[in-house]
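The structure under discussion appears below in the form of structure tokens.
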Amino acid sequence: MIILGIESSCDDTSAAVIKDGVLLSNVTASQAVHEAYGGVVPELASRAHQQNIVPVVDHALKKAGVEREELSAIAFTRGPGLMGSLLVGVSFAKGLAASLNIPMIEVNHLQGHVLAHFVREEGDEHKAPPFPFLCLLVSGGNSQIILVRAYNDMEIIGKTIDDAAGEAIDKCSKVMGMGYPGGPIVDRLARQGNPKAFQFARPQIADYDYSFSGLKTSFLYNLRDWVASDVDFIEKNKADLCASLEYTIVDILMKKLRKAAKDLKIKHVAVAGGVSANTGLREAFQEHAKKYGWTVYIPKFGYTTDNAAMIAMVGCFKFQDRDFCSMDKPAYSRVDI
Ligand code: KG4
């Protein structure tokens, strides 16, 4: 079984090859063009995907030492994501599958993030979570607690009612005049700051749901007042602001996750998505493992942001169930897991 995975849901063009469950290659072309705009510009993203898709797939196949004709199936991200970006990957997958006369496997991008924990590399000491497990999926577009009963049986038990955690970090970073995406910058600066230096609003939301818009507004309004009395306030306090912001967001995320784990009596807990690269969040997971007896699953950095390895991984699961799709499946921009 040799699966080619293709991912193009946002601003990363990625292709990966998995053979008999082992990852042979995972090639990603990121798009620096968006940095100047402080966010992803959809039209520029789809154009860059068009430029990148052929060399990225070609590179992934060469790196894996696999000929096109050896492929068993093509797994592709059908959604959710930016429509123009998705169309490039979906159309390419259809064209290649038709020319090779092999089946296509549609993949939900969010399921891909959750199942990234199953990606296995040669010689890897690999520990995949057993079912059922909980997964905290945190990215620029999502903040969800997912109950994963099987690879194809996932339930969102909690989600943000407004902004995603990554979106809040990126926006706060923007108001501090820092670059895009803000997450890695905030992470780096937070290491040198005091996490208790500043307090920001915390949401009072029921059940396992999240909210980050109040925190974002509180950050903005506080900053506006502080800068009004000292124009150099941000420059002088950047590290403390970042550390306090990160601390508050991680605390909000972990509190609901703890509640879910306790209520459902689940001790296998995973984290996925772009924000799972965050140092403070990773440390919080390790602390929870010690304190609450959790077994935690933290992805390698390469599988935190968008990548095709996770798409090919879902493809492997679905291939075994002969869960193929027809050529007429369009991309979708919005859908739950
Ligand atoms: O999953 P992802 O690559 O894709 C989208 O959702 O688009 O997540 C991107 C998000 C961005 O908000 C980015 O700022 C955040 O992940 N991120 C981080 C870190 N690295 C990326 N947030 C906090 N700390 C990081 N080290």
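No hydrogens, no waters, no symmetry mates; every other heavy atom, side chains included, goes into these values. First listed ligand is number 1; within each ligand, the first listed atom is number 1. Since the structure is predicted, the reported quantities are computational estimates derived from the model, not experimental observations.
- Each of the following atoms of ligand 1 lies closer than 4.0 Å to a heavy atom of P181: 14 (O).
- Within 6.0 Å of OH on Y221 lie no more than 12 heavy atoms contributed by other residues, nucleotides or ligands.
- In terms of polar-atom proximity, G274 is counted as a contact of ligand 1, with an N or O under 3.5 Å from an N or O of the ligand.
- In this structure, M254 and F285 have side chains that are in contact, with non-hydrogen atoms separated by less than 4.5 Å.
- At the top of the distance list for atom 24 (N) of ligand 1, counting protein heavy atoms only, stands N278 ND2, 3.1 Å.
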Derivation of the side-chain hydrogen bond (donor to acceptor under 3.5 Å, both in side chains) call for D163 and S213:
CA-CA 6 Å; D163 290 354; S213 76; 5.4 Å; no
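- Proximity of D306 to ligand 1, defined as any heavy-atom pair under 4.0 Å, is shared by backbone and side chain alike.
- Of the candidates N142, N108, D306, D306 is the only one forming a side-chain hydrogen bond (donor to acceptor under 3.5 Å, both in side chains) with H113.
- Residue G183 has at least one nitrogen or oxygen atom sitting less than 3.5 Å from a nitrogen or oxygen atom of ligand 1, judged on distance alone.
- Residue contacts with ligand 1: T305 is placed with no nitrogen or oxygen under 3.5 Å of a nitrogen or oxygen of the ligand (distance criterion only).
- Distances between N or O atoms of G166 and those of ligand 1 include at least one value under 3.5 Å.
- For ligand 1, the atoms sitting less than 4.0 Å from at least one non-hydrogen atom of A277 are 20 (N), 26 (N), numbered in the order shown with element in parentheses.
- N307 and S14 form no side-chain donor-acceptor contact under 3.5 Å, judged by distance and modelled atom types alone.
- Under the 4.5 Å side-chain contact rule for hydrophobic residues, L264 and L253 share a cluster.
- Checking side-chain atoms of S25 against main-chain N and O of A60 turns up a donor-acceptor pair under 3.5 Å.
- Protein heavy atom closest to atom 13 (C) of ligand 1, with residue, atom name and distance, is D170 OD1, 3.8 Å.
- Counting atoms of ligand 1 from 1 in the listed order, those under 4.0 Å from a heavy atom of G141 are 6 (O).
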Begin with the C-alpha distance, continue with both residues' side-chain angles, and end with the deciding distance and a verdict on salt bridge (Lys or Arg N to Asp or Glu O under 4.0 Å) for K174 and E167.
CA-CA 10 Å; K174 200 171 174 179; E167 192 180 355; over 6 Å; no
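- For the pairing with D251, the salt bridge (Lys or Arg N to Asp or Glu O under 4.0 Å) check across R258, R202, K256 returns one residue only, R202.
- Looking only at distances, no side-chain donor or acceptor of E121 sits under 3.5 Å from a matching main-chain atom of G123.
- When heavy-atom distances to ligand 1 are checked against a 4.0 Å cut-off, D187 comes that close only through its side chain, counted from C-beta outward.
- The closest protein non-hydrogen atom to atom 5 (C) of ligand 1 is G140 N, 3.7 Å.
- The closest approach between any non-hydrogen atom of H113 and ligand 1 is below 4.0 Å.
- At a heavy-atom cutoff of 4.0 Å, ligand 1 is contacted by no atom of E246, backbone or side chain.
- Atom 7 (O) of ligand 1 has as its closest protein heavy atom C10 SG, 4.1 Å.
- Not one N or O of T279 is nearer than 3.5 Å to an N or O of ligand 1, by distance alone.
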